[in-house]
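The structure appears right after this line, and notes come after that.
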Amino acid sequence: MSQPLVASSQLHIRMALLVICAAYVFYRLNKAGGQERLPECGLLGATKFVVYSKNVVTPKGVQAAAVSIMNGKITQVKPAKKAPRSKRRMMVLDYGDKAILPGGIDLHAHLNEPGRADWEGFVTGTQAAAAGGITTVVDMPLNSFPTTTTLEAFDMKLEAADGKLYVDTAFWAGLVPENAGNHSVLEALLAKGAVGFKAFMSPSGINDFPNSNKTVLRQGLEYLVKNDVPLMVHAEDPPLDAPAPEGDPRSYLAYMSSRPREWEKRAIKQLIELAEELQPAPRIHIAHLSDADNLPILAEAKARGLQITVETCPHYLMFAAEEIPDGSTLFKCAPPIREAENRERLWAGLEEGVIDVVSSDHSPSTPELKLLEEGDFQKAWGGISGLQMGLSATWSEGVKRNATLEKLAQWWSTLPAQIAQLPEKGLIKKGYDADLVVLDLEEPVDTSEEAYRHKHKVSPYLGLEMYGQVHATFVRGYQMLVVPAENW
Ligand SMILES: NC(=O)NC(NC(N)=O)C(=O)[O-]
Ligand SMILES: [Zn+2]
Ligand SMILES: [Zn+2]
């Protein structure tokens with residue numbers, strides 16, 4: 001039965017995107033933070049237009065090229081030394097030497113709706129995504145209430161998202177001990193359009209999303225392999241008798257030591273074992289890798305042909321434990337941000353392709369739960385707000401380490417599209433969705449609170465000096481104006 005099921009589940013994935021897209025509300029975002037409903041969907045009413053720049057990131061490399069767009073699709077990518085002239089029926093947007101990349105695809109964002117929309121929600125979450133050059137968000141199954149582990153909960157997700165999305169949005173379903181062995185539930189969630197499943201090997205911080213051990217993961221994977229869909233795993237495996245955190249609750253180093261490297265290593269080893277034990281080979285996606293010590297075993301596993309993919313996050317690539325002030329719970333996340341030396345090895349892992357993708361792991365809460373005044377790392381909510389900043393932060397830090405635009409597009413768009421199996425996304429290529437981001441590589445990013453479109457202005461990225469400001473974001477040909485044209 002596996003063949004038809006694969007086809008039908010992929011068809012449904014596509015349909016779910018289309019259904020949700022049809023329910024879009026399009027706004028032009030203006031700098032004052034207000035919203036203006038566009039009279040018509042589409043760029044100033046145009047369904048056919050051209051974007052041009054001297055630095056378009058195409059599958060053939062960075063080229064001076066004109067990208068023709070019609071009805072939300074890329075119809076042609078034509079190398080051209082100069083921008084074509086606008087004609088009456090064909091507007092040309094000339095972005096000069098700014099970079100044009102395939103729109104960012106963030107595989108890991110907690111938008112927290114329904115149930116905890118006071119933490120974020122679809123409106124502010126997807127507006128911030130557009131402002132940060134992200135054209136597709138894949139929403140996490142937890143921190144919303146209910147968690148997306150049942151059919152009813154998935155329906156509630158879709159209903160809650162209806163009419164609130166500014167970028168394309170797809171959904172992970174949750175794999176938990178209660179549904180892992182119930183394959184008809186997993187089947188139904190895939191049929192609804194889930195791109196895959198997410199599981200935790202450590203407590204998730206949310207009571208109704210319990211963690212799974214290897215046996216539970218195996219139960220779920222036995223079904224998922226038949227459908228060739230990914231299982232994304234929070235890979236930290238704390239021992240049952242893990243001691244309570246010790247020391248000053250405001251100390252960052254005490255927090256970091258309370259989630260030691262062994263936890264990640266033990267989890268990743270088990271995931272590699274599972275990938276080896278099961279036939280056909282399961283797709284296992286390791287969420288938010290923090291500990292670079294795991295890179296050699298991951299490289300080996302990949303070299304053996306296992307379908308393991310790896311994600312890291314901008315905060316692991318940008319920050320370092322030595323620089324995190326005590327009491328600064330803005331930086332609390334799990335697994336923890338480690339030392340500068342570890343960060344450099346993560347960059348090398350990305351460069352070598354052992355780490356495939358960068359995603360935000362945007363996991364905001366209300367400001368109160370971050371306990372910013374007490375600065376108590378043990379009690380504060382674990383999760384960093386950063387969906388809007390992830391792409392620019394990766395560029396800003398990457399360029400210091402000789403990262404190229406081609407790599408940036410791979411980490412943030414091409415490979416995420418492959419992992420989530422989103423057809424026709426992730427490349428600037430004829431026939432693909434016209435999802436584009438225009439970046440000014442040298443311009444300082446506006447990291448002010450006013451520019452931060454998330455619900456709460458609580459993030460370690462605020463006020464930082466970063467380079468690579470987003471100038472425009474196109475979602476299937478619809479322009480989400482971020483910087484008003486007069487400021488280009
Ligand atoms: N419940 C969460 O949002 N958890 C998240 N929290 C982090 N990363 O600190 C995560 O993805 O593990
Ligand atoms: Zn996680
Ligand atoms: Zn997460």
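- Summarising the geometry, atom CG belonging to Leu271 is positioned 9.5 Å from atom CD1 belonging to Ile297; distances are rounded to the nearest 0.5 Å.
- A distance-only check finds a donor-acceptor pair linking the side chain of Thr473 to the backbone of Ala130 [under 3.5 Å].
- For an aromatic pair to be called close, the ring centres must be under 6.0 Å apart, and His362 with His108 fails this.
- The shortest side-chain heavy-atom distance between Ser385 and Val458 does not fall under the 4.5 Å cut-off.
- To the nearest 0.5 Å, atoms CG (Asn112) and OG1 (Thr366) are separated by 10.5 Å.
- The nearest pair of heavy atoms linking Leu391 to Gly133 is CD2-O, 3.9 Å.
- In this structure, the side chain of Glu120 does not engage the main chain of Ser365 through any donor-acceptor pair within 3.5 Å.
- The side-chain heavy atoms of Leu274 and Arg218, taken from C-beta on, include a pair separated by under 4.5 Å.
- Remark: Lys214 engages Glu273 in a salt bridge, criterion side-chain N to carboxylate O under 4.0 Å.
- Looking at every heavy atom in both residues, Lys302 comes nearest to Val354 through NZ-O, 2.9 Å.
- Asp168 has a carboxylate O that lies under 4.0 Å from a charged side-chain N of Arg476, or vice versa, which qualifies the two as a salt bridge.
- Atom CD in Glu339 sits 8.0 Å away from atom CG in Leu253 (nearest 0.5 Å).
- Remark: Arg259 fails to qualify as a cation-pi partner of Trp263 under the 6.0 Å distance and 45° angle criteria applied to the six-membered ring.
- Between Met201 and Pro238, the closest heavy-atom pair is O-CD, 3.8 Å.
- Using a 4.5 Å cut-off on side-chain heavy atoms (C-beta onward), Val437 and Thr135 make no contact.
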Subject >> Criterion side chain to side chain contact (heavy atoms under 4.5 Å, CB included) on Arg343 and Tyr316, from CA distance to verdict >> reply: CA-CA 6 Å; Arg343 172 181 67 192; Tyr316 302 122; over 6 Å; no
**OP:** For salt bridge (Lys or Arg N to Asp or Glu O under 4.0 Å), just list the numbers for Arg401 and Glu351, CA-CA rounded to whole Å, side-chain angles, deciding distance to a tenth of an Å, and then say yes or no.
**Re:** CA-CA 10 Å; Arg401 298 163 175 90; Glu351 185 59 38; over 6 Å; no
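- Closest heavy-atom contact between Ala275 and Leu306: O-CD2, 3.7 Å.
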Subject >> Thr136 and Val167: CA distance, side-chain angles, deciding distance, side chain to side chain contact (heavy atoms under 4.5 Å, CB included) verdict >> reply: CA-CA 6 Å; Thr136 302; Val167 298; over 6 Å; no
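- Shown here for Pro245 and Ser258, the closest heavy-atom pair between the two residues is CB-CB, 4.0 Å.
- Taking a 6.0 Å sphere around CD of Glu277, one finds it holds more than 12 heavy atoms contributed by other residues, nucleotides or ligands.
- Side chain of Asn342 to main chain of Ala292: a donor-acceptor pair is present (N/O by atom type, distance under 3.5 Å, no hydrogens or angles).
- Side-chain contact, Ser184 with Asn182: a donor N or O sits under 3.5 Å from an acceptor N or O.
- With a 4.5 Å cut-off on side-chain heavy atoms, Thr394 and Trp411 count as touching.
- Proximity of a side-chain donor or acceptor of Ser392 to a complementary backbone N or O of Gly468 within less than 3.5 Å is detected.
- A parallel orientation is assigned to the rings of His234 and Phe200, their planes being inclined by less than 30° (bins at 30° and 60°).
- Using modelled atom types, one side-chain atom of Thr126 and one backbone atom of Phe122 make a donor-acceptor pair closer than 3.5 Å.
- Inspection of the Glu424 and Tyr432 side chains reveals no N or O donor paired with an N or O acceptor under 3.5 Å.
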**OP:** Determine, step by step, whether Asp433 and Lys425 satisfy the salt bridge (Lys or Arg N to Asp or Glu O under 4.0 Å) criterion, reporting the C-alpha distance in whole Å, the side-chain angles of both residues, the deciding distance to 0.1 Å, and the verdict.
**Re:** CA-CA 6 Å; Asp433 285 348; Lys425 290 202 180 286; 2.9 Å; yes
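- With salt bridges taken as basic N to acidic carboxylate O contacts below 4.0 Å, none links Arg266 and Glu236.
- Rounding to the nearest 0.5 Å places CH2 of Trp381 at 14.5 Å from CD of Glu368.
- In this structure, Thr149 OG1 and Phe197 CZ are separated by 9.5 Å, a value rounded to the nearest 0.5 Å.
- For the atom pair NE2 (His110) and CG (Asp139), the distance works out to 9.0 Å, reported to the nearest 0.5 Å.
- Counting all heavy atoms, side chain and backbone alike, Pro59 lies closest to Leu427 at CG-CD2, 4.1 Å.
- The closest donor-acceptor contact from the side chain of Lys370 to the backbone of Ile384 lies at 3.5 Å or more, if one exists at all.
- The only option from Leu415, Val57, Leu405 that meets the side chain to side chain contact (heavy atoms under 4.5 Å, CB included) definition with Gln410 turns out to be Leu415.
- Between Phe319 and Tyr252, the ring center distance fails the sub-6.0 Å criterion.
- Between the side chain of His456 and the backbone N or O of Asp118, at least one donor-acceptor pair lies under 3.5 Å.
- Arg250 has no carboxylate O lying under 4.0 Å from a charged side-chain N of Asp326, or vice versa, which leaves the two without a salt bridge.
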Original post:
salt bridge (Lys or Arg N to Asp or Glu O under 4.0 Å) between Asp237 and Lys269: does it pass, once the steps are laid out?
Top reply: CA-CA 10 Å; Asp237 181 23; Lys269 270 197 172 153; over 6 Å; no
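- In this structure, Asp208 has no salt bridge (charged side-chain N to carboxylate O under 4.0 Å, His left out) partners at least two apart in sequence or on a different chain.
- With contacts defined as side-chain heavy-atom distances shorter than 4.5 Å, the pair Leu422/Ile105 qualifies.
- Residues Glu264 and Arg338 are in side-chain contact: their nearest non-hydrogen atoms beyond the backbone lie under 4.5 Å apart.
- Side-chain contact between Lys457 and Leu462 is present, with heavy atoms from C-beta onward closer than 4.5 Å.
- Remark: the Ser144 side chain and the Glu113 side chain contain no N/O donor-acceptor pair separated by less than 3.5 Å.
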**OP:** Given side-chain hydrogen bond (donor to acceptor under 3.5 Å, both in side chains), test Asp356 with Thr309 step by step and report yes or no.
**Re:** CA-CA 6 Å; Asp356 301 273; Thr309 52; 4.9 Å; no
Subject >> side chain to side chain contact (heavy atoms under 4.5 Å, CB included) assessment of Phe154 paired with Thr150 >> reply: CA-CA 6 Å; Phe154 203 93; Thr150 65; over 6 Å; no
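- Proximity of Val357 to Leu107: side-chain heavy atoms (C-beta onward) are separated by under 4.5 Å at one or more points.
- Between the side chain of Tyr255 and the backbone N or O of Cys333 there is at least one donor-acceptor pair closer than 3.5 Å.
- The backbone N or O of Ala281 sits less than 3.5 Å from a side-chain atom of Gln307, completing a donor-acceptor pair.
- A distance-only check finds a donor-acceptor pair linking the side chain of Asn179 to the backbone of Gly174 [under 3.5 Å].
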Subject >> Candidate pair Asp291 and Asn294, rule side chain to side chain contact (heavy atoms under 4.5 Å, CB included), full reasoning >> reply: CA-CA 6 Å; Asp291 176 6; Asn294 293 298; 3.6 Å; yes
